[in-house]
Amino acid sequence: MTITTTTTNQPGIVALRDPRARDAELTGAKAAALATAAAHGLPVLEGFVLTTAWSHRGDPPEAEWRGLSGAGAKALVVRSSSVAEDGAHQSMAGLFTSVLDVRDWQGFQDAVDEVLASGPPADLGAGADAAMAVLVQPFLAAGWGGVVFTADPVTGRTDRMMITASRRGPSAVVGGAEGGWTATATRRGRVTSVATPEADPLPISLRRKVFRLALRAERVFGGALDIEWAIDARGRVILLQARPVTALHGPVRGPVLGPGPLAETFPDPLRPLEQDLWLSPLADGLRVAIDLTGAAPPRALHESPVATAVRGVAVADLELLGVTRPRRTLARLLDPRPGARRLGAAMRVGRLAAALPELAQQTCERVDTDLAEVPPLAELTDLALLAVLDNARTALTALHGYEALAGMLGGKDESAPTAAEMALSALATARATGLPVDRVIEELPVVLALIPPRIGPPPRVPEVGGDPLPIGEGVGELALAREALRLRARWVQELGARAAWELGGRLVAAGLLDDPGTSTLLSLDELGAAVRYRRLPDDLADRTEPDDLPLPAEFRLATDGFPIAVSKGRGRTDRGIGAGGGVGRGMVHIGEHPPAGSVLVVRHLDPRLAVVVPRLSGLIAETGSPLSHLAILAREHGVPVVVGYPDATRRLPDGAVVQLDGRSGEVRPSIKTEEHR
């Protein structure tokens with residue numbers, strides 16, 4: 001593309017094609033970027049810059065104005081170009097003024113004064129003293145224009161691009177006057193999703209030109225860019241602005257993760273010591289169970305974390321656990337190995353299913369014996385307490401492995417009294433008989449099924465009133481085995497929690513820590529080093545509790561560890577997974593203490609909710625499994641449950657009346673609202 005150059009000899013004014021224009025300290029970041037782009041052959045309009053050394057109190061640049069505008073025959077645009085804007089860490093987008101369609105000499109002078117007066121305000125920090133240059137170019141009345149990011153600015157993915165286009169030109173988009181047509185595309189330009197399907201789409205031929213220009217510019221500047229572009233009368237794509245994109249996370253990789261079935265066991269973020277004590281054995285047990293049943297390809301199992309923590313939140317590989325279906329590729333459809341693998345696994349599974357109830361019983365008896373033989377923790381030495389933690393991890397691996405096998409091998413129609421049911425009944429009995437609160441857990445350890453594991457002071461016993469609740473009858477050996485194993489796992493977790501808390505207290509007594517809770521910020525190896533050698537990590541003072549920030553229900557991790565939500569595509573979002581309980585209707589309640597008859601909407605199924613489930617009209621969760629304790633408990637009390645409902649806490653407003661179907665998973669507004677007002 002041939003670009004007409006503007007020459008000038010006036011001090012403080014440089015043409016955009018002048019090599020000096022590439023100096024951002026002289027011409028500001030915006031003009032310097034365009035000068036650099038023009039020098040590399042990118043399509044940039046001609047123009048000149050009133051530099052940071054130019055004084056508008058001097059002679060007005062009338063000669064330059066006449067040359068570029070043809071003495072007023074062509075309209076100009078007068079744009080800010082501050083040294084402080086368009087940086088790698090902050091763009092200051094929209095803070096400074098641009099004046100479009102400037103048509104006469106007086107209008108040009110006024111526009112220059114207006115741009116200079118829009119300099120950085122005093123409250124912008126370090127860049128506040130940065131000088132302002134003024135960029136002057138022909139005004140392009142674009143047929144199409146907009147913005148393209150060579151990385152997704154919403155998710156931070158660097159393997160995606162995002163484009164917004166409008167027939168009214170880029171100013172309508174960047175100024176917010178029009179949303180335009182917005183789409184996400186691959187690096188090859190294939191559109192993967194359209195956020196505004198109602199808008200006129202940018203024609204494919206123009207779209208390809210914009211993407212080609214964007215990728216060329218990215219190669220010139222060496223990083224992801226936010227590009228403002230326009231189509232001229234000849235159908236050429238013109239680069240109007242290029243600046244770095246901030247807050248990127250890199251491409252996403254790995255499996256689909258999410259709290260899913262783990263949220264019921266670990267509803268709160270886990271500290272490092274809790275992750276080592278409880279989450280690592282869970283992952284190991286699940287890995288063995290999946291391997292034995294052939295439920296996943298060996299390579300996928302080897303490369304997967306199975307269960308891990310993201311921002312302290314326990315998450316699982318949802319594809320590996322069967323919560324989310326893996327993407328079906330042609331190669332996978334034609335691969336004969338999965339069938340052969342399942343056939344080989346079926347032979348093992350048949351033997352496992354027959355032997356598992358007895359194995360589970362023997363494991364539970366062994367755990368019960370071992371727990372009974374543990375002396376009071378205060379009587380144990382430091383090394384003996386560390387041994388308790390190591391042995392607890394080993395026991396948890398076996399318990400979780402057998403529990404997972406029981407769940408995978410048991411039939412869908414199998415059921416058994418859940419630990420949550422037994423805990424509620426035991427708690428009601430304790431209240432009725434006047435058992436002191438501080439003795440409830442010691443006398444009735446089944447109550448721990450209602451309390452998530454946590455290293456800290458003795459847990460608080462949930463409050464429940466009324467008569468003891470009826471307990472359902474079990475009809476499946478594997479279902480009974482699963483519940484028994486799950487309960488023992490909770491008991492072993494509690495033993496580990498109390499042993500770790502005892503060690504934290506001893507480190508405080510030794511003068512190493514100020515608070516026993518600080519020990520939870522150590523890994524298990526670091527705790528061992530503190531106990532054995534009285535040595536703490538150098539960075540312990542900088543460590544903090546994990547933030548209780550919500551994670552997407554399903555996500556993949558970017559290369560920097562940031563969770564990127566998995567797109568649900570254009571499928572139906574008005575339903576989740578039916579978990580039983582029939583059909584119900586009630587007023588949505590989000591938060592604690594739901595009133596009787598309400599429909600409780602939560603992010604995760606928390607075991608602490610068991611005490612309120614029987615009085616609900618419905619339960620909706622963003623994650624969870626129909627086989628979870630809460631789902632089973634709700635079904636047995638005739639409370640309809642829907643799990644896996646996307647963004648439930650955001651999409652279902654507090655106070656709205658909804659009807660939910662525990663069979664189909666459908667949730668819809670109820671038209672009969674008068675009686676609830």
Side-chain angles (χ1 to χ4, degrees), residues 261-262 264-266 277-296 306-307 316 321-322 345-374 391-423 425-426 444-450 453 471-496 607 625-633 636:
L262 301 191
E264 187 183 24
T265 302
F266 304 116
L277 290 179
W278 303 326
L279 197 53
S280 295
L282 173 63
D284 292 340
L286 290 174
R287 189 182 301 278
V288 172
I290 293 170
D291 185 40
L292 284 173
T293 57
V306 184
L321 269 59
M347 299 175 64
R348 298 193 299 273
V349 166
R351 294 192 293 271
L352 276 172
L356 190 55
E358 183 177 352
L359 286 171
Q361 181 179 353
Q362 293 174 356
T363 302
C364 289
E365 290 174 352
R366 176 63 183 272
V367 168
D368 290 347
T369 300
D370 290 345
L371 289 173
E373 293 178 351
V374 176
N391 292 335
R393 282 165 47 91
T394 301
L396 283 173
T397 300
L399 288 166
H400 288 310
Y402 283 133
E403 178 197 342
L405 284 171
M408 296 165 72
L409 301 179
K412 292 183 178 179
D413 296 330
E414 284 197 355
S415 64
T418 67
E421 283 182 281
M422 292 185 286
S425 183
L444 303 169
V446 69
V447 171
L448 286 171
L450 304 176
I471 298 177
E473 296 182 359
V475 296
E477 283 189 313
L478 289 175
L480 286 167
R482 180 172 183 249
E483 291 303 316
L485 290 161
R486 179 183 288 188
L487 184 57
R488 267 65 180 190
R490 180 63 190 91
W491 292 347
V492 174
Q493 289 168 344
E494 187 65 20
L495 173 64
S625 164
L627 300 180
S628 69
H629 271 170
L630 279 183
I632 295 171
L633 178 68
E636 292 176 349

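Heavy-atom minimum distance, Ala419 versus Leu487: CB-CD1, 4.1 Å. Contact detail for Met408 and Ile290: the closest heavy-atom pair is CE-CA, 4.3 Å. In plain terms, the two heavy atoms of Ala481 and Ala360 that are nearest each other are CB-CB, 3.7 Å. The nearest pair of heavy atoms linking Pro453 to Gln493 is CG-OE1, 3.5 Å. The shortest non-hydrogen separation linking Tyr402 to Leu356 is CD2-CD1, 3.6 Å. The minimum heavy-atom distance between Arg482 and Ala406, with the atom names listed, is CB-CB, 3.8 Å.
Atom-to-atom distance recorded for His400:NE2 and Leu405:CG is 13.0 Å, nearest 0.5 angstrom. Note that CG of Leu450 is 11.0 Å distant from CD of Glu421, once rounded to the nearest 0.5 Å. A distance of 7.5 Å separates CG of Asp284 from CZ of Arg393, quoted to the nearest 0.5 Å. The CG atom of Leu292 sits 9.5 Å away from the CG atom of Leu409 when rounded to the nearest 0.5 Å. To the nearest 0.5 angstrom, Leu282 atom CG is 13.0 Å from Leu277 atom CG. Here CG of Asp291 is found 12.5 Å from CG of Leu286. Values are rounded to the nearest 0.5 Å.
Between Trp491 and Val367 the shortest side-chain heavy-atom distance does not fall below 4.5 Å. Side-chain contact between Asp368 and Glu365 is absent, with no heavy-atom pair separated by less than 4.5 Å.
Within 6.0 Å of CD in Glu358 there are 12 or fewer heavy atoms belonging to other residues, nucleotides or ligands.
Using a cut-off of 4.0 Å between Lys/Arg side-chain N and Asp/Glu carboxylate O, Asp370 and Arg366 are scored as salt-bridged.
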